[in-house]
Structure formats: C-alpha cells, structure tokens
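Letters A, B, ... are given to chains in the order of the sequence lines, protein chains preceding strands, and every chain is numbered from 1. Given the structure is predicted, the values throughout are model-derived calculations rather than measurements.
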Amino acid sequence: MPELPEVEAARRRLSRKGLNREIRDAALCTPEIAEATARKHLEKALTGSRFTAVKRHGKVLFLCIGDGPWLVIHFGMTGEVALYEAPEDRPRHARLIIDFADGGHVAFDNPRKLGRLELTEDPSAHIEQQDLGPDALEIGRAAFARVVRGPRGMVKPALMDQKKIAGIGNEYSDEILFRAGLRPKADRGALSEDQLDALHDQMRKVLGAAADLRERGAALPDSWLMAHREKGARCPRCGGAVKHCKVSGRTAWFCPACQDTPDP
DNA sequence: TATAATGTTCTCGT
DNA sequence: AACGAGAACATTAT
C-alpha cells in the first residue's frame with residue numbers, strides 16, 4: 001500500500017474522519033516497530049487526547065496529537081491506516097490500535113513489520129533529519145530537472161531516491177517511465193528538455209490520479225502499466241509483451257516497444 | 001517448497 | 001562523493 005498516492009489517500013481519509021475525536025485508549029501491540037521514544041511515550045500521549053492535524057511528506061504520514069508531539073508513520077512495504085467502527089473489522093496485523101470515545105477505531109496495520117512509528121516535535125525537523133527531498137507533488141519543473149538530470153546514473157533509481165524527490169517507489173516509477181516513454185535504465189545524464197517535461201508532467205498526473213483513485217478505494221485503470229506488472233502480461237497501449245529487469249535490486253517492468261530509449 | 005513482494009538502510013566495490 | 005549491487009529486516013502469498 002505505501003507509495004505517495006496510498007499515503008495521500010490515508011491522509012485525506014484521516015483528515016475527514018480521524019480528527020478531533022477523543023481517544024479513550026491506545027494500545028501499541030507490537031512495540032518493536034516503534035522507535036525508543038515512541039515505545040515509551042506513545043500510548044500515554046494518545047490516551048485522553050485527540051488528533052488535531054494530519055500532514056504528509058513523500059511516503060511519511062504525520063498526525064498531531066493534541067498540541068504535539070506528532071506521531072510519525074512510515075509504512076515500509078506493506079500496511080495501511082484503517083478506520084473502522086466494529087471491533088471485528090480490526091485488520092489482522094494491527095500494530096497500534098486506537099479506540100475513540102465515540103466507539104470508532106483507527107489502527108495502523110503493518111503485516112510485515114517493516115514500518116516504523118516515531119514521535120517528533122516538528123515534522124519539518126524530521127523531514128530534514130531524514131534528508132528527504134521535496135515532495136513529488138510539490139516540486140517544480142526546474143528543481144525536478146536539477147535533481148533528476150545528474151551527470152551519470154539511471155533514471156529509475158533517481159526517481160525513487162527519497163533524498164532527491166520524496167514519494168515515488170518501485171511501482172509508480174514504472175508507470176511514470178512508461179508514460180514518458182523512457183526505459184528504467186535510461187541515462188539520466190542524457191535526458192532532453194522534452195523528456196524532462198514529460199517526466200515531470202507524468203509524475204504529477206500519475207501520482208495525482210492514483211491518489212484520487214486510492215482515496216475512493218478504486219483499482220487502477222487497466223490502461224495503466226501498473227495493472228500489468230506480471231510475467232506473460234501485455235502492454236495496455238501496444239499489445240506487445242512487457243519485459244522486466246533488475247534495477248538497483250528491484251524488479252522494473254516496462255514495454256520495450258513503447259519505451260524505446262536506448263539501454264545502456 | 002522456493003521465490004518474490006509497494007521500503008529503508010547498511011556494506012562493499014567502482 | 002555519487003552510484004549501483006546485494007543483503008538484511010519480517011511476513012505473506014503464489
């Protein structure tokens with residue numbers, strides 16, 4: 001669940017349905033996913049308080065507890081924030097369960113335990129400490145070019161580098177590259193102005209549209225490459241076979257016909 | 001049963 | 001220094 005669109009969808013849902021509800025009880029059922037300070041103080045900070053604001057930067061979610069501090073949520077490879085009313089709807093791998101006084105609940109579901117919970121006094125300071133780049137939906141065309149077009153290296157890892165741009169992961173970078181017509185291994189030092197335009201434009205369109213879809217719980221359209229990241233699949237645009245390769249340890253999927261940038 | 005999976009962070013080599 | 005490969009982390013699904 002966790003690239004920018006999924007985290008943004010969670011932010012919107014929490015903003016609508018999770019704020020200003022009194023917290024009656026909080027249980028950190030899997031303390032090992034919480035950093036030391038959170039492990040020690042999170043339950044007490046939550047109990048009797050309420051969430052007063054939600055923010056997102058890249059793939060990181062921030063929930064303000066009363067006047068502070070903020071709960072910082074990193075999802076890792078799996079997970080979601082689940083809002084539910086009936087206790088039996090609690091997700092199977094809930095790591096933090098919050099009971100509202102009105103009877104509703106919110107849980108941090110994180111099956112693989114690769115997520116992290118932290119506390120911070122200031123989200124901006126946390127972003128700076130983590131050395132995160134500008135959010136992918138905030139970064140302008142000029143800054144985007146400055147960071148993506150480097151002297152050397154491949155374009156896909158540059159898009160996924162959270163220190164350059166925050167929010168894009170393995171799956172959405174494939175979609176962005178597909179629409180921009182670039183191979184994952186294309187040389188980022190050789191990107192033309194037109195290709196940078198296309199990348200920046202498609203990044204915004206893909207992430208924006210996906211966030212809207214995820215917010216509604218809708219599937220991604222069949223016309224997206226992301227619906228075809230599996231062996232034997234066909235390109236939704238040209239019908240040709242999709243291919244995959246390894247790029248910095250991850251599997252990259254692409255259409256060799258539609259993405260005709262030269263391979264290195 | 002072996003393999004891969006939406007992320008981050010580390011080491012090691014270039 | 002920047003980059004890339006590979007491993008580790010923990011668990012599930014195919």
Side-chain angles (χ1 to χ4, degrees), chain A residues 1-11 29-35 56-61 72-82 91-96 108-118 126-127 129-133 135-136 146-178 183-191 203 206-207 209-211 213-215 217-220 224-233 242 244-254 263-264:
Chain A
M1 191 209 170
E3 294 183 40
L4 184 150
E6 289 76 26
V7 183
E8 172 62 14
R11 188 197 64 78
C29 351
T30 311
E32 63 265 32
I33 66 159
E35 162 275 337
R56 179 196 59 76
H57 186 95
K59 305 170 187 173
V60 186
L61 196 61
V72 184
I73 302 179
H74 299 78
F75 287 91
M77 299 247 306
T78 55
E80 62 174 338
V81 171
R92 245 179 293 294
H93 304 283
R95 308 302 181 187
L96 171 67
F108 174 49
D109 183 48
N110 193 232
R112 235 173 285 172
K113 293 201 268 187
L114 292 175
R116 283 295 169 269
L117 296 175
E118 296 179 45
H126 184 269
I127 290 161
Q129 281 161 25
Q130 298 295 116
D131 203 18
L132 295 178
D135 185 80
R146 227 175 291 132
V147 127
V148 170
R149 179 163 57 189
R152 62 213 157 90
M154 304 181 286
V155 65
K156 179 178 167 85
L159 290 176
M160 294 196 299
D161 184 346
Q162 303 302 297
K163 298 182 181 194
K164 293 185 168 63
I165 306 166
I168 302 169
N170 195 31
E171 293 199 339
Y172 286 100
S173 61
D174 279 354
E175 187 67 36
I176 293 162
L177 290 166
F178 171 65
R183 295 268 176 121
K185 290 185 176 178
D187 176 6
R188 72 192 183 97
L191 294 173
M203 172 182 73
V206 166
L207 299 179
L213 290 162
R214 297 305 200 192
E215 185 183 4
L220 301 181
W224 289 32
L225 179 70
M226 276 177 71
H228 308 272
R229 296 174 87 258
E230 57 192 9
K231 62 176 175 2
V242 297
H244 62 91
C245 62
K246 286 286 177 192
V247 177
S248 54
R250 317 301 300 280
T251 304
W253 293 85
F254 62 99
D263 270 340

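At least one side-chain nitrogen or oxygen of A:R229 sits closer than 4.0 Å to the OP1 or OP2 atom of B:dT6. In terms of phosphate contacts, A:Q130 brings a side-chain nitrogen or oxygen within less than 4.0 Å of OP1 or OP2 of B:dT9. Using a 4.0 Å cut-off, no side-chain N or O of A:R116 falls inside it from OP1 or OP2 of B:dT8.
Applying the side-chain hydrogen bond (donor to acceptor under 3.5 Å, both in side chains) rule to A:R95 yields the partners A:T30; only residues at least two apart in sequence or on another chain are considered. In this structure A:H228 satisfies the ring pair (Phe, Tyr, Trp, His ring centres under 6.0 Å) test with no other residue, sequence neighbours excluded. Residues forming a side chain to side chain contact (heavy atoms under 4.5 Å, CB included) with A:I127 (at least two apart in sequence, or on another chain): A:H57, A:F62, A:L132.
The salt bridge (charged side-chain N to carboxylate O under 4.0 Å, His left out) with A:D135 is formed by just one residue from the set A:R11, A:K59, A:R56; it is A:R56. Each of A:L220, A:L4, A:L159, A:L177 was compared with A:Y172 under the side chain to side chain contact (heavy atoms under 4.5 Å, CB included) criterion, and only A:L220 meets it.
Counting only distance, with no hydrogens or angles, the side chain of A:E3 and the backbone of A:E171 share a donor-acceptor pair below 3.5 Å.
When rounded to the nearest whole Å, the span between CD of A:E230 and C1' of B:dA4 equals 13 Å. Whole-Å rounding puts the A:E3 CD to B:dT6 P distance at 8 Å. Between the C1' atom of B:dT8 and the NZ atom of A:K59 lies a distance of 9 Å, rounded to the nearest Å. Taking atom CH2 of residue A:W253 and atom P of nucleotide B:dT6, one finds them 10 Å apart after rounding to whole Å. Note: CG (A:D109) to P (B:dT6) measures 18 Å, nearest angstrom. Atom-to-atom, CE of A:M160 to P of B:dT6 comes out at 9 Å; the value is rounded to the nearest Å. Distance A:Q162 CD to C:dA2 C1': 17 Å, rounded to the nearest Å. Whole-Å rounding puts the A:D161 CG to C:dA1 P distance at 16 Å.
The CG atom of A:N110 sits 11.0 Å away from atom CE of A:M77, with the distance rounded to the nearest 0.5 Å. Note that the CZ atom of A:R183 and the NZ atom of A:K156 stand 14.0 Å from one another [nearest 0.5 Å]. A:D174 CG to A:R229 CZ: the interatomic distance, rounded to the nearest 0.5 Å, is 4.5 Å. Interatomic distance, A:I168 CD1 to A:D161 CG, rounded to the nearest 0.5 Å: 10.5 Å. Atom CD1 of residue A:I73 and atom CD of residue A:E118 lie 11.0 Å apart, to the nearest 0.5 angstrom.
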*Determine, for nucleotides 5-14 of chain C in 5'-to-3' order, which nucleotides have protein heavy atoms under 4.0 Å from the base (write B), from only the sugar-phosphate (write S), or from neither (write -).*
S---BBBS--
Pairs under 3.5 Å (N/O, protein and nucleotides 12-14 of chain B):
none

_Could you write out DNA chain C as dot-bracket? Rules: Watson-Crick or G-U wobble, both distances under 3.5 Å, brackets [ ] for crossings, | for pairs with another strand, dot for unpaired._
.||||||||.||||
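Counting all heavy atoms, side chain and backbone alike, A:A9 lies closest to A:A211 at CB-O, 4.1 Å.
In this structure, A:K164 reaches the sugar-phosphate backbone alone: every heavy-atom distance under 4.0 Å involves primed, P, OP1 or OP2 atoms, never a base.
Nucleotides C:dG6 and B:dT3 have their P atoms positioned 16 Å apart, rounded to a whole Å.
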